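We number each residue from 1, following the sequence as shown. Atoms within each ligand, like the ligands themselves, are counted from 1 in listed order. Please read these numbers as outputs of a predicted model, since none were measured by experiment.
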Amino acid sequence: MSMSTADPDLPGPAADPDPGPDPGPGPAPVAADPGSTAAPAPPEPAPAVAAPTTTAPPTTAPTHRVAVVVPAAGRGERLGPGAPKALRELGGLPLLAHAVHTLLAAPSVDVIVIAAPPSPEGVAEVHRLLSGLADLAEAAGHRADTRVVPGGATRQESVALALAALPEDCTTVLVHDAARALTPVDLVEAVIGAVHGGAAAVIPVLPVADTVKAVEGDLVTATVDRSGLRAVQTPQGFTRELLAKAHAAADPAAPATDDAGLVEALGLPVRTVPGHAEAFKITTPFDLVLAEAVLRRRR
Ligand SMILES: Nc1ccn([C@@H]2O[C@H](COP(=O)(O)OP(=O)(O)OP(=O)(O)O)[C@@H](O)[C@H]2O)c(=O)n1
Ligand SMILES: C[C@](O)(CO)[C@H](O)COP(=O)(O)O
């Protein structure tokens with residue numbers, strides 16, 4: 001891939017004149033908004049099975065490619081009734097389209113593997129969405145390898161299924177929630193940079209903004225010292241070897257809420273990099289309102 005974050009060919013927002021409070025030395029918001037000027041191409045007939053979708057493979061394949069696994073199979077129960085969360089709309093496009101467009105705009109990302117909502121309709125919808133994005137990327141001269149697998153019953157299982165579909169030559173792997181639809185491309189690049197810099201497991205984190213209490217029922221039992229606490233985001237980055245080892249040792253019956261947790265369970269170190277406020281996870285209806293506002297401000 002050879003795409004810059006400020007590529008004028010891609011539909012992206014203008015630089016934000018008022019970026020608002022920054023969480024620290026994290027990356028600045030970037031022009032990676034898939035929804036600002038163009039929607040994906042009209043839906044095309046989708047394949048009946050989850051065949052890999054490959055768009056314009058590079059003419060000379062590098063031997064150490066970077067892959068991003070995108071768990072997108074969640075139902076979005078906290079968002080309320082409706083389609084699987086990754087397929088719900090934000091600014092006229094599915095959350096997953098926003099997330100994938102950002103990954104397509106990240107210069108260091110070579111391969112994207114999506115764990116789709118597991119129903120045949122969900123998988124077909126993700127194929128349709130990707131073909132729309134591929135048209136856009138190709139028109140702009142960008143190349144990315146995209147694959148789709150049906151996701152699993154838990155996030156951990158969805159990630160494991162996507163890992164099984166990774167091309168052999170991917171030696172760095174990021175895991176990135178479709179639900180973090182507005183994550184800046186610079187954060188993706190920062191995580192890849194940290195892995196390439198020698199950290200085998202890397203996660204973006206933010207300080208905890210609120211006072212934190214321990215409770216039993218409706219009674220407070222303690223005020224927790226939050227100075228050593230961090231809220232964790234994605235993308236989380238790993239050497240492929242370590243991530244594969246962590247998933248191989250994982251217990252499907254007691255799934256971890258994030259991939260770094262599996263590395264911690266091995267007793268191995270996980271490094272942090274500064275996260276970004278706009279990489280928040282769209283979980284509740286209020287998060288969707290917030291995301292719409294962020295998108296409007298980018299435009
Ligand atoms: N079986 C699952 C569950 C979750 N995810 C993905 O993991 C990410 C983080 O999960 P979360 O935001 O908690 O999504 P949901 O599980 O869909 O949310 P809820 O608990 O409200 O249903 C999302 O991109 C989601 O699609 C997944 O791929 N497979
Ligand atoms: C992986 C994650 O996004 C890190 O914050 C998060 O744990 C996933 O969401 P969940 O609500 O814990 O399933």
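- The shortest N/O to N/O separation between Asp177 and ligand 2 falls below 3.5 Å.
- Contact annotation: for Lys85 versus ligand 1, heavy atoms closer than 4.0 Å belong to the side chain alone.
- Considering backbone and side-chain atoms alike, Ile282 places every N or O at 3.5 Å or more from each N or O of ligand 1.
- Taking atom 16 (O) of ligand 1 as the reference point, the nearest protein heavy-atom neighbour is Gly74 CA, 3.9 Å.
- Protein heavy atom in closest approach to atom 11 (O) of ligand 2: Arg78 NH2, 2.9 Å.
- Using a 4.0 Å cut-off between charged nitrogen and carboxylate oxygen, Glu292 and Arg297 do not count as a salt-bridge pair.
- Between atom 9 (C) of ligand 1 and the options Ile114, Val69, Asp177, Leu161, the minimum heavy-atom separation is to Asp177.
- Close approach to Ser158 involves these atoms of ligand 1, each under 4.0 Å from a residue heavy atom: 1 (N), 2 (C), 27 (C), 28 (O), 29 (N).
- Polar contact with ligand 2: absent for Gln236 (N/O pair, distance under 3.5 Å).
- The protein reaches atom 21 (O) of ligand 1 closely, with a heavy atom under 4.0 angstrom from it.
- Every N/O-N/O distance between Ala115 and ligand 1 stays at or above 3.5 Å.
- Not a single heavy atom of Gly151 sits under 4.0 Å from any atom of ligand 1.
- Among all heavy-atom pairs drawn from Ala200 and Leu242, the shortest one is O-CD2, 3.5 Å.
- A pairwise comparison of heavy atoms in Asp169 and Arg240 identifies N-NH1, 4.4 Å as the closest pair.
- By the criterion of side-chain heavy atoms lying less than 4.5 angstrom apart, applied directly or through intervening Ile, Leu, Val, Met, Phe, Trp or Tyr residues, Phe280 is not grouped with Leu229; the two fall into different hydrophobic clusters.
- Under the 4.0 Å criterion applied to side-chain N and carboxylate O atoms, Asp287 and Arg78 are not assigned as salt-bridge partners.
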From CA spacing to verdict: side chain to side chain donor-acceptor pair (under 3.5 Å), His276, Asp186:
CA-CA 10 Å; His276 195 288; Asp186 284 359; over 6 Å; no

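- Among all heavy-atom pairs drawn from Ala249 and Leu266, the shortest one is CB-CD2, 3.8 Å.
- Across every non-hydrogen atom of Ala165 and Arg147, the tightest pair is O-NH1, 3.2 Å.
- The Val232 neighbourhood of ligand 2 comprises atoms 4 (C), 5 (O), with distances under 4.0 Å to a heavy atom of that residue.
- In terms of heavy-atom proximity, Val66 sits nearest to Ser108 at CB-O, 3.2 Å.
- Shortest contact from atom 28 (O) of ligand 1 to any protein heavy atom: Ala73 N, 2.9 Å.
- Salt-bridge formation is detected for the pair Arg65/Asp145: a Lys NZ or Arg NE/NH1/NH2 atom is positioned less than 4.0 Å from an Asp or Glu carboxylate oxygen.
- Listed here is the closest heavy atom pair of Ala72 and Ala178: CB-CB, 3.6 Å.
- Using a 4.0 Å cut-off between heavy atoms, Lys281 contacts ligand 1 through its side chain alone, with no backbone atom that close.
- Contacts between Pro84 and ligand 1 below 4.0 angstrom, taking non-hydrogen atoms only, are absent altogether.
- Near Arg155, meaning under 4.0 Å from one of its heavy atoms, ligand 2 places the atoms 1 (C).
- Each of the following atoms of ligand 1 lies closer than 4.0 Å to a heavy atom of Ala153: 1 (N).
- When each atom of ligand 2 is checked for a heavy atom of Asp258 under 4.0 Å away, the hits are 1 (C).
- Among Gln236, Gln156, Gln233, the single residue meeting the side chain to side chain donor-acceptor pair (under 3.5 Å) criterion with Asp258 is Gln236.
- Not a single N or O atom of Ala86, backbone or side chain, sits closer than 3.5 Å to an N or O atom of ligand 1.
- For atom 13 (O) of ligand 1, the closest non-hydrogen atom on the protein side is Arg78 NH2, 2.8 Å.
- Under the 4.0 Å criterion applied to side-chain N and carboxylate O atoms, Arg298 and Glu278 are assigned as salt-bridge partners.
- Within the structure, the closest approach of Thr154 to ligand 1 falls below 4.0 Å when heavy atoms are considered.
- Looking at Thr283 next to ligand 1, no N or O pair under 3.5 Å apart turns up.
- Taking all heavy atoms of Pro255, Pro71, Gly152 into account, the minimum distance to atom 6 (C) of ligand 1 is reached by Pro71.
- Residue-ligand proximity: Gly76 is placed with a non-hydrogen atom under 4.0 Å from ligand 1.
- Using a 4.0 Å cut-off between a side-chain N of Lys or Arg and a carboxylate O of Asp or Glu, Asp177 and Arg155 qualify as a salt bridge.
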The test is side chain to side chain donor-acceptor pair (under 3.5 Å); show your working for Thr172 and His196 and say whether it passes.
CA-CA 8 Å; Thr172 296; His196 287 172; 3.2 Å; yes

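- Checking only distances, Thr257 does come within under 3.5 Å of ligand 2, N or O to N or O.
- Considering only non-hydrogen protein atoms, atom 9 (O) of ligand 2 sits nearest to Lys281 CE, 3.1 Å.
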